[in-house]
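Reviewing the structure listed below.
Both counts, for ligands and for their atoms, begin at 1 and track the order of listing. Since the model is a prediction, treat every value here as computed from it, not as a measurement.
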Amino acid sequence: MASRIQNYIDGEWVDAAGIDALPVHNPATCELLALCPESNQADVDHAVQAARAGFAEWRQTPLLSRAQYMHHFKVQMEDRFEEVARTIVIENGKTMDEARGEVRRGIESIDFALGVPFLMRNDGVEDISSGIDETTVRQPAGVFVAITPFNFPSMVPLWFLPVAIVCGNTFILKPSPQTPLSAQLILEMLDDLDLPEGVVNLVHGGVAASTALMEHPGVTGVSFVGSTPVAKIVYETCTRNGKRVQAQGGAKNYIAVMPDANLDASVMNILGAAYGCAGQRCLAAAVAVGVGDAYEPLKEKLRSQAQQLRVGYGLDESSQMGSVVSDAARERIEHMISEGEAAGAEVLVDGRSVDVDGYEGGSFVGPTILADVTPEMSVAREEIFGPVLSLMKADTFDEAIELINGSKFGNGASIFTSNGNYAREFKYHVNAGNIGVNIGVAAPSASFPFGGQKDSFFGDLHGQGADSIEFFTERKVVIERWV
Ligand code: NAD
């Protein structure tokens, strides 16, 4: 019998008051891993009270001491690197290599937080007026919440938690109920650091827990990462409740391939971008646009390479692509492939009903390519969030830009070319927050803000980088005269 996992509140592991629980499955083996409680209003009240009480002491803890905790946390993450990666694999389905990449990226966010003592410094001038000095100081703002998705269950919480607490805030994490075990492990490591009570808290659950957190008067701000419909709800609920909010949503990322591109290198990059993490990345390549003469050779090379990818269990190191997160996800993805086919797309490589020896009941979808996709098809417009690449043709560079900018999403977009002018025009005109030039997955490193425009982002200050310091602090201006 799988055990019911606990919340972590006020420095202790506690049972959730909420009675219901959701099963957490290994999506490849179907093994029941745990039961994730649906925390309720009482659980959220408990966590917010603990975080508020903890804030009073934590904000006065010297900044360098706060950063030192993150140094020790980083050491723990390095020591338990493989265990964190395995936990990601068993609850999410990606491969060990992909999970290792995720853990490395998470550690980079901790590294960034170690620089917060420098980044929190501010400016000032003497004699702004006669005998008057004026300075700004940054102060922690209070209790922050992160509501995070299933696809990077370790990395995404670390985009927010380390910076928020080094800035002097206290924190409540509400991870995806589909993948709560990575968060459990993160909190286990933080618990070992003997942080003061209430500084970090973990509340499991789904919509009810998220809503209670967003509406709670004791919460200062919310960082959200997930699908666009939920990002809109989160943005509206938080603003209605007077909270600062950054809500990163879904995506439909386009890659344009020019006739002058290095075709072999482009194809390898696009394969990685489309099928890495089984397409469950917010920066996954969803549509490849072959411009002019690039289309036919691109189609042929992608077809022959995609067919060779080895689909298997993530813990098997020979697997090149793992499972998707659940059976419901598999069904949704297969349904969208069929929808594309019915609308007239050619199923060039078909990942429906893929067989994986030894894991017959697993949630696997093989690499899929839909060719001759046109802009009005749902597979060109909607996020599939699975290993499905749509191929579109554009006669000219301008037409490719028009196709890309016609998308309601604006998370990432890339171009493959050897022409600097095309690259510049692309950077200049494409309305997306993360632009790649000869890079398939344009994922910003921890010191840069994670971009996102249109329906891919709601708010103004993005996650990561300098934006995160702004988001997690309050600025105060001090004007002084001493006679
Ligand atoms: P999701 O929107 O279903 O869930 C995300 C989080 O929101 C979970 O913690 C969930 O419990 C919670 N939630 C669900 N419904 C809610 C509601 N009505 N009110 C409040 N909270 C609610 O997303 P997912 O399926 O876990 O993740 C995949 C999505 O995340 C994809 O759309 C992907 O593009 C997106 N994503 C975006 C980024 C980015 O940086 N833009 C990064 C990673 C993933």
Side-chain angles (χ1 to χ4, degrees), residues 22 24 27 36-39 44 91-94 102 105-106 109 145-160 172-180 182-183 202-216 222-238 240-241 245-253 276-286 324-326 328-329 332-333 382-386 407-412 432-434 441-444 448-459 462-465 467-468:
L22 294 165
V24 183
C36 179
E38 285 269 23
S39 297
V44 165
E91 66 176 356
N92 168 283
K94 64 180 72 173
E102 171 174 351
R105 282 280 182 152
S109 293
V145 166
I147 300 171
T148 54
F150 76 80
N151 67 326
F152 285 100
S154 175
M155 178 187 78
V156 172
L158 298 182
W159 282 353
F160 308 110
I172 303 170
L173 173 62
K174 205 298 290 163
S176 165
Q178 295 192 86
T179 54
S182 300
L202 173 67
V203 172
H204 288 294
V207 180
S210 293
T211 306
L213 285 162
M214 292 187 290
E215 292 179 347
H216 203 293
V222 174
S223 304
F224 170 85
V225 180
S227 60
T228 288
V230 180
K232 278 185 181 159
I233 293 171
V234 168
Y235 183 74
E236 286 165 11
T237 310
C238 289
R240 199 169 49 245
N241 284 278
V245 54
Q246 44 185 195
Q248 302 182 202
K252 189 84 186 174
N253 307 303
C277 301
Q280 298 171 121
R281 284 196 285 215
C282 65
L283 289 171
V324 296
V325 72
S326 65
R332 183 183 46 75
I333 294 161
E382 303 301 334
E383 183 174 40
I384 301 178
F385 219 54
S407 170
K408 64 186 172 193
F409 296 104
N411 214 35
N434 306 290
V441 179
F448 285 82
F450 194 104
Q453 300 180 2
K454 300 196 278 184
D455 271 6
S456 294
F457 181 74
F458 303 90
H462 293 249
Q464 297 197 151
D467 277 25
S468 66

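Between F385 and ligand 1, no pair of N/O atoms sits closer than 3.5 Å. For ligand 1, the polar-atom distance check finds an N/O of K174 within less than 3.5 Å of one of the ligand's N/O atoms. Considering both main-chain and side-chain atoms, S210 comes within under 3.5 Å of ligand 1 through a nitrogen or oxygen pair. Remark: ligand 1 and T228 share no N or O pair separated by less than 3.5 Å (distance only, no angle test). For G226, a nitrogen or oxygen atom sits less than 3.5 Å from a nitrogen or oxygen atom of ligand 1, counting backbone and side chain alike. Considering backbone and side-chain N/O of E383, one or more are found under 3.5 Å from N/O of ligand 1. Between Q248 and ligand 1, a contact under 3.5 Å exists for at least one N or O pair.
Looking at heavy atoms from C-beta onward, M155 lies out of side-chain contact with S182 at the 4.5 angstrom threshold.
Closest approach of G452 and F457 over heavy atoms only: O-CB, 3.3 Å. Between C282 and A251 the shortest heavy-atom distance is O-CB, 3.1 Å. Scanning all heavy atoms of the two residues, the minimum distance from P153 to T179 falls at CB-OG1, 3.6 Å. K174 and G205 get closest at one heavy-atom pair: NZ-O, 2.8 Å.
Every residue two or more places apart in sequence or in another chain that forms a side-chain contact (heavy atoms from CB on, under 4.5 Å) with F385 is listed here: F150, N151, Q280, R332, E383. By the ring pair (Phe, Tyr, Trp, His ring centres under 6.0 Å) test, F152 is found to be paired with no residue, residues two or more places apart in sequence or in another chain being considered.
The ligand atoms of ligand 1 that sit less than 4.0 angstrom from a heavy atom of F150 are 24 (P), 25 (O), 26 (O), 27 (O), 28 (C). For ligand 1, the atoms closer than 4.0 angstrom to any heavy atom of I147 are 6 (C), 7 (O), 9 (O), 12 (C). Annotation for ligand 1: atoms under 4.0 Å from non-hydrogen atoms of P177 are 11 (O). Less than 4.0 angstrom separates some heavy atom of V207 from each of these atoms of ligand 1: 15 (N), 16 (C), 17 (C), 18 (N). The distance from ligand 1 to the heavy atoms of F450 drops below 4.0 Å at these ligand atoms: 40 (O). For ligand 1 and S176, the ligand atoms under 4.0 Å from any heavy atom of the residue are 9 (O). Close approach to N151 involves these atoms of ligand 1, each under 4.0 Å from a residue heavy atom: 43 (C), 44 (C).
Other residues, nucleotides and ligands contribute only 12 or fewer heavy atoms inside 6.0 Å of the NZ atom of K232.
Q248 places no side-chain N or O within 3.5 Å of a backbone atom of H462 that could act as its donor or acceptor partner. The backbone N or O of G249 lies less than 3.5 Å from no partner atom in the side chain of T228, so there is not a single donor-acceptor pair.
Of the listed residues (T237, V234, V245), just one forms a side-chain contact (heavy atoms from CB on, under 4.5 Å) with F224, and that residue is V234.
Considering each of P149, P153, G249, the one bringing a non-hydrogen atom nearest atom 37 (C) of ligand 1 is G249. Of the listed options V325, L283, N411, V230, V230 places a heavy atom closest to atom 15 (N) of ligand 1.
Among all non-hydrogen protein atoms, the one lying nearest atom 8 (C) of ligand 1 is T148 O, 3.2 Å. If you check which protein heavy atom lies closest to atom 23 (O) of ligand 1, you get S227 N, 3.5 Å. Nearest protein heavy-atom neighbour of atom 36 (N) of ligand 1: C282 CB, 3.6 Å.
Within the model, atoms CG of L213 and CG of N241 stand 11.5 Å from one another, a figure rounded to the nearest 0.5 Å. Note that the NZ atom of K408 and the NZ atom of K252 stand 9.5 Å from one another [nearest 0.5 Å].
Less than 4.0 angstrom separates atom 4 (O) of ligand 1 from none of the non-hydrogen atoms of the protein.
Within the structure, the closest approach of W159 to ligand 1 falls below 4.0 Å when heavy atoms are considered. For the pair F224 and ligand 1, a heavy-atom separation below 4.0 Å is found.
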